[in-house]
K.L.:
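There's a structure below that I have some questions on.
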Amino acid sequence: TTNDQNMNDNNGWLKFINLYDSKLINIKNNSNFLKNNNYVQRKFVVKIFSNLAKIRQIESVRGIMDIEIAKLNLAPKVVVSTSDLIIHDFFNGKELSEDDFIHLSCDVNNNNNNHQMVHFKNILPPNKLGDMVATKLVKLHEINCPKEFNNDHTPMLWSSIDRMIKHIQKKSWTLPPPFTMEMLREEVEKVKAQLRDLPLKIVTGHGDFKPANLMASHDGSTVVFVDFELSGPNYRGFDIFKLYRRGQLPTKKSNNDNQNTKEEEDELCLPTNNEKLELRKFVSSYLSALKINSNKNSECASSSSSSLSSSSSSSSSSPSSSSLSPREENKLLAEVLLFEPLTWLEASIFFLFALTEDEEHQQKWSDLAIHRWENYMKSKNKINFYASELMKIE
């Protein structure tokens, strides 16, 4: 409940917040407050930053990216941002899932919990969801990092991992076998060295660009991004691959209670040929959007130049999405696929980090950390493989 006068009044807002849940809360209506006819009812989401979130991102940049990204209509409008919480407009839509980015489709159904599951097959033409997401991701990646980052271009992937490892060190007794601090540091430093001299694009990234951090309107007309706790300078390849990585734990067979075989677990967790095909389509959409943005910027520059140069610019043909070369696609695809092992490494360290703050659920966090670590070990040779492919194309 708000009016325009108090939109930026943090203290005023906080008076009307009922903190009855530590993670996600609603602003409850206050009948006396509503008696003022200037007020209207609106829905908001209030997110309280957990200790995990606060440790991974320094206070001076907390909430900054939410505000900047919302200005471009890529995310719900931020109403209040403090070092402890963020309040933004409620977006009436559906949280996306991994399946949406494998099939890029679905029907409207209700599951047993009565949450609406929107699959876009019957709503959007083929690849439309991927095209929308790619176009918006390009806009995000082309944002200049806010001044609060102090021109520090260290990828958030590494600054976040470094902070998590430092925190784990303080409670190293919580590490489950087979993990050791030496093991974690050794792998992190090894991968940093492997990436150091590669031509990898650093952009203003989301940092946790998994499908669950995207929402689509129920009619499929728009998509927004949410949860920017890890946003800042980062590798664009990391953002893109995270969208297509299969993240769930291996599940039991549906027809009996026996565990899957190791081969079946590998099939469940690692990208299939179909997933790689969908990833290639997304890479093509991303490059097309990047080219369109580049052309728009060139036209703006041309219109403000002399009439002679403007005339020259208008006579030249602009590249279209159909003019993408296989070399361009293969180069970005190699850059993206190189990050598969890092999505597993970062996730494994995160779950070990979560364990330090929530020892009550030790088994849960341990299982998740071990699963992610095993997938990192199975895939880490892809760093050198795709690094080699990238340098050949470069």
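Computed over heavy atoms, backbone and side chain alike; hydrogens, waters and symmetry mates excluded. All of these numbers come straight from a predicted model, not from anything done at the bench.
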K.L.:
Just by distance, do the side chain of R62 and the backbone of S83 share a donor-acceptor pair under 3.5 Å?
P.N.:
yes
K.L.:
Between E346 and R372, is there a salt bridge with N-O shorter than 4.0 Å?
P.N.:
no
K.L.:
Does any pair with a residue in residues 186-203 pass salt bridge (Lys or Arg N to Asp or Glu O under 4.0 Å), and if so which ones, sequence neighbours excluded?
P.N.:
D162-K192, E187-K190, E187-K380, E189-K192
K.L.:
Might you point out which heavy atoms bring A369 and S348 nearest each other, and give the distance in Å?
P.N.:
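Smallest heavy-atom distance, with atoms named: O-OG, 2.9 Å.
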K.L.:
Roughly how far, to the nearest 0.5 Å, is CG of L96 from CG of L214?
P.N.:
5.5 Å
K.L.:
Tell me the closest heavy-atom pair linking L324 and L287, and the distance in Å.
P.N.:
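Closest approach of L324 to L287, heavy atoms only: CD2-CB, 3.8 Å.
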K.L.:
Look at K94 together with D100 and state whether they make a salt bridge at an N to O cut-off of under 4.0 Å.
P.N.:
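Between D100 and K94 there is a salt bridge, with a charged N closer than 4.0 Å to a carboxylate O.
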K.L.:
Tell me if a side-chain donor or acceptor on R245 pairs with a main-chain N or O of T343 at a distance below 3.5 Å.
P.N.:
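Confirmed, R245 side chain pairs with T343 backbone.
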K.L.:
Could you state whether M183 and I165 fall into the same hydrophobic cluster, counting links through intermediate Ile, Leu, Val, Met, Phe, Trp or Tyr residues with side-chain heavy atoms under 4.5 angstrom apart?
P.N.:
yes
K.L.:
Are F44 and H88, when compared by the centres of their aromatic rings, separated by less than 6.0 Å?
P.N.:
no
K.L.:
Check G232 against M65 and note the closest heavy-atom contact, atom names and distance.
P.N.:
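Between these two residues, the closest heavy atoms are N-CG, 4.3 Å.
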K.L.:
Evaluate the side-chain proximity of L243 to L137: yes if any heavy-atom separation is below 4.5 Å, no if none is.
P.N.:
no
K.L.:
Atom CG in D66, atom CZ in F225: separation rounded to 0.5 Å?
P.N.:
13.5 Å
K.L.:
What about L230 and V61, same hydrophobic cluster or not, with Ile/Leu/Val/Met/Phe/Trp/Tyr joined at side-chain heavy-atom distances under 4.5 Å?
P.N.:
no
K.L.:
Quick check on the hydrophobic clustering: are Y376 and F241 connected, directly or via other members, by side-chain heavy-atom contacts under 4.5 Å?
P.N.:
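Cluster IDs for Y376 and F241 match.
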K.L.:
Does any non-hydrogen side-chain atom of V226 lie less than 4.5 Å from one of V45?
P.N.:
no
K.L.:
List the steps and the verdict of ring-ring contact (aromatic ring centres under 6.0 Å, His included) for H371 and F351.
P.N.:
CA-CA 10 Å; H371 171 258; F351 290 125; 9.1 Å; no
K.L.:
Drop me the distance from D208's CG to M156's CE, to the nearest 0.5 angstrom.
P.N.:
11.0 Å
K.L.:
Should the pair E328-K331 be classified as a salt bridge under the 4.0 Å nitrogen-to-oxygen rule?
P.N.:
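The answer is no: the pair does not qualify as a salt bridge.
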K.L.:
Applying side chain to side chain contact (heavy atoms under 4.5 Å, CB included), run through V336 and Y386 and close with a yes or a no.
P.N.:
CA-CA 9 Å; V336 170; Y386 287 111; over 6 Å; no
K.L.:
Step by step, work out the side chain to side chain contact (heavy atoms under 4.5 Å, CB included) result for F238 and V203.
P.N.:
CA-CA 10 Å; F238 185 80; V203 297; over 6 Å; no
K.L.:
Show your working on side chain to side chain contact (heavy atoms under 4.5 Å, CB included) between V133 and F209 and close with a plain yes or no.
P.N.:
CA-CA 11 Å; V133 173; F209 201 62; 3.9 Å; yes
K.L.:
Could you tell me whether the side chain of I383 reaches within less than 4.5 Å of the side chain of L342, counting heavy atoms only?
P.N.:
yes
K.L.:
Could you point out which residue of D358, I370, T356 forms a side chain to side chain contact (heavy atoms under 4.5 Å, CB included) with W365?
P.N.:
D358
K.L.:
Is there a continuous path of hydrophobic side-chain contacts, each under 4.5 Å between heavy atoms, that joins Y286 to V223?
P.N.:
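Shared cluster, yes.
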K.L.:
Would you name the heavy atoms of S284 and E329 that are closest together and state the gap between them?
P.N.:
OG-OE2, 3.3 Å
K.L.:
So, taking the atom named CD1 in I161 and the one named CD1 in I349, what distance separates them when rounded to the nearest 0.5 Å?
P.N.:
4.5 Å
K.L.:
Can any side-chain N or O of S217 pair as donor or acceptor with the backbone N or O of T222 at less than 3.5 Å?
P.N.:
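Yes, because the side chain of S217 sits within donor-acceptor range (under 3.5 Å) of the backbone of T222.
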K.L.:
Rounded at 0.5 Å granularity, tell me how far CD in E359 sits from OG in S366.
P.N.:
10.0 Å
K.L.:
Between L352 and P176, which heavy-atom pair has the shortest distance, and what is it?
P.N.:
CD2-CD, 3.6 Å
K.L.:
Indicate yes or no: at least one non-hydrogen side-chain atom of F339 is less than 4.5 angstrom from one of D239.
P.N.:
no
K.L.:
When you measure from the side chain of H206 to the backbone of H141, do you find a donor-acceptor pair of N or O atoms at a distance under 3.5 Å?
P.N.:
no
K.L.:
Identify whether the distance between the nearest side-chain nitrogen and carboxylate oxygen of K54 and D84 falls below 4.0 Å.
P.N.:
yes
K.L.:
Quick one, F353 with R163, criterion side chain to side chain contact (heavy atoms under 4.5 Å, CB included). Give me CA distance, side-chain angles, the key distance, then yes/no.
P.N.:
CA-CA 10 Å; F353 170 58; R163 290 189 188 99; over 6 Å; no
K.L.:
Can you check whether M132 reaches T135 side chain to side chain, under 4.5 Å on heavy atoms?
P.N.:
no
K.L.:
Do you know the tightest heavy-atom contact between G63 and S81?
P.N.:
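Nearest pair, atom of G63 first, then S81: CA-OG, 3.6 Å.
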K.L.:
Would you say W373 and L184 make side-chain contact, with heavy atoms under 4.5 Å?
P.N.:
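When only atoms from C-beta onward are counted, L184 and W373 do touch, with a gap below 4.5 Å.
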K.L.:
Once rounded to the nearest 0.5 Å, what's the spacing between atom CZ of F385 and atom CG of L337?
P.N.:
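Between F385 CZ and L337 CG, I get 9.5 Å after rounding to 0.5 Å.
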K.L.:
Is it true that a side-chain atom of K139 and a backbone atom of L74 form a donor plus acceptor pair closer than 3.5 Å?
P.N.:
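Not a single qualifying donor-acceptor pair exists.
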K.L.:
Can you get from F91 to I86 by hopping between Ile, Leu, Val, Met, Phe, Trp and Tyr side chains that sit under 4.5 Å apart?
P.N.:
no
K.L.:
A quick test of your reading: do over 12 heavy atoms of other residues, nucleotides or ligands sit less than 6.0 Å from CG of N381?
P.N.:
yes
K.L.:
Are any side-chain N or O atoms of N51 and backbone N or O atoms of E357, one a donor and one an acceptor, separated by less than 3.5 Å?
P.N.:
no
K.L.:
Pick one: which of Q363, K364, Q362, K171 meets side chain to side chain contact (heavy atoms under 4.5 Å, CB included) with L355?
P.N.:
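Of Q363, K364, Q362, K171, side chain to side chain contact (heavy atoms under 4.5 Å, CB included) with L355 is met by Q362 alone.
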K.L.:
Please examine the side chains of K166 and I55, heavy atoms only from C-beta on, and report whether any two atoms are closer than 4.5 Å.
P.N.:
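Answer no - side chains too far apart.
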K.L.:
Do E142 and L290 have side-chain heavy atoms sitting under 4.5 Å apart?
P.N.:
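Yes, at least one pair of side-chain atoms sits under 4.5 Å.
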